[in-house]
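Heads up: the structure comes next, in structure tokens.
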Amino acid sequence: MALGTAVGIAVPMAAVVSLLALTPSGTAVANPSASAGPALAAAYGELYNGTRWTMEYASFSGSGRTDRCDVWNNSASARSDNWTNLSCKQVELKAGKKAGGPGNDVDGFTFEDRAYDLYMQFGIGDNKRMEYMGGFKKGVWTKITDIDNARCEPVGTVARCYVTFP
């Protein structure tokens, strides 16, 4: 099976080709005529706060970006170190709640009052693995991509967060 890279993540080429169309200028865009079969991934990041604490999520694009987010991984794949202070719109997410979905894009998350440990998924198929990315101080933002799902849970007094993709 041929593999390609989309947003820094290796995926089967058939999946990439079926989701893209070329414009007359040769630019790849989302294929509006792609079949309505099972979705490969959401077109927005999703976040579930399974902790006992309030956390924050943010949008790094669109209107209403009046806040600033200190993001440690501002790269296309959101899997590498690239510190950037971004304009953002921050929203509280209470314990036990989720965010994301059509019209509610989640681009990043943090805890304003506590540190958190972070694990991120790499690879595909039989090569999927979780890697420990480190412990982050309160207020440091983790970016997630449009295909990522993030969930956080309590481990003692520390939040442990996992970022995965389908």
With distance as the sole test, does [X] use its side chain to make a donor-acceptor pair with the main-chain N or O of [Y] at under 3.5 Å?
{"X": "R68", "Y": "N85", "value": "yes"}
{"X": "N74", "Y": "A78", "value": "no"}
{"X": "D107", "Y": "F60", "value": "yes"}
{"X": "R160", "Y": "C152", "value": "no"}
{"X": "E92", "Y": "T54", "value": "no"}

- Message: Do M55 and L47 make a side-chain contact, defined as non-hydrogen atoms from C-beta onward lying under 4.5 Å apart?
- Response: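 Counting from C-beta outward, M55 and L47 do come under 4.5 Å.
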- Query: Given side chains that start at C-beta, do those of M130 and Q121 come closer than 4.5 Å, heavy atoms only?
  - Reply: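 They are in side-chain contact.
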Considering all heavy atoms, the nearest [X]-[Y] contact:
{"X": "A58", "Y": "W141", "value": "CB-CZ3, 3.4 Å"}
{"X": "N49", "Y": "L93", "value": "ND2-O, 3.1 Å"}
{"X": "G45", "Y": "I144", "value": "CA-CD1, 4.0 Å"}
{"X": "K143", "Y": "N73", "value": "N-OD1, 2.7 Å"}

- Using a distance-only test with no angle check, is there a side-chain donor-acceptor pair under 3.5 angstrom linking T51 and Y116?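 Checked: T51/Y116 side chains show no N/O donor-acceptor pair below 3.5 Å.
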- List the steps, then state whether side-chain contact (heavy atoms from CB on, under 4.5 Å) holds for N149 with F165. CA-CA 6 Å; N149 295 305; F165 53 87; 6.0 Å; no
- Could you tell me which residues satisfy salt bridge (Lys or Arg N to Asp or Glu O under 4.0 Å) with E131, sequence neighbours excluded, listed by chain and number?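 If we apply the salt bridge (Lys or Arg N to Asp or Glu O under 4.0 Å) test to E131, skipping adjacent residues, the hits are R129.
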- Message: Please report the interatomic distance NZ(K89) to OG(S61), rounded to the nearest 0.5 Å.
- Response: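 The OG atom of S61 is 11.0 Å from NZ of K89, to the nearest 0.5 Å.
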- Item | CD-NZ distance between E56 and K138, expressed to the nearest 0.5 angstrom |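 Answer rounded to 0.5 Å: 12.0 Å.
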- Can you list the steps and then say if R79 with D148 is a side-chain contact (heavy atoms from CB on, under 4.5 Å)? CA-CA 11 Å; R79 299 293 194 276; D148 283 330; 3.0 Å; yes
- Item | Lys NZ or Arg CZ of R151 over Y162 ring: under 6.0 Å, within 45° |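 Flagged: R151 positioned over aromatic ring of Y162.
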- Message: With a 4.5 Å cut-off on side-chain heavy-atom distances among I, L, V, M, F, W and Y, is there a chain of contacts connecting Y119 to I147?
- Response: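 No, it is not one cluster - the side chains of Y119 and I147 are not joined through contacts under 4.5 Å.
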- Task: Give me the one residue out of T110, L118, N82 that meets side chain to side chain contact (heavy atoms under 4.5 Å, CB included) with W72.
- Result: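 Output: one option passes, namely L118.
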- Task: Give a yes or no on whether K97 atom NZ has more than 12 heavy-atom contacts from other residues, nucleotides or ligands under 6.0 Å away.
- Result: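 No, NZ of K97 has 12 or fewer neighbouring heavy atoms, counting only those of other groups under 6.0 Å.
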- Message: With a 6.0 Å cut-off on the ring centroids, do F109 and Y57 count as close?
- Response: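 Ring centres of Y57 and F109 not closer than 6.0 Å.
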- Task: Dump the intermediate steps for side-chain contact (heavy atoms from CB on, under 4.5 Å) on F111 and C161, then the final yes or no.
- Result: CA-CA 11 Å; F111 288 84; C161 299; 3.8 Å; yes
- Are W83 and D70 close enough, and set up right, to give a side-chain contact (heavy atoms from CB on, under 4.5 Å), and what steps lead you there? CA-CA 7 Å; W83 285 87; D70 199 17; 3.7 Å; yes
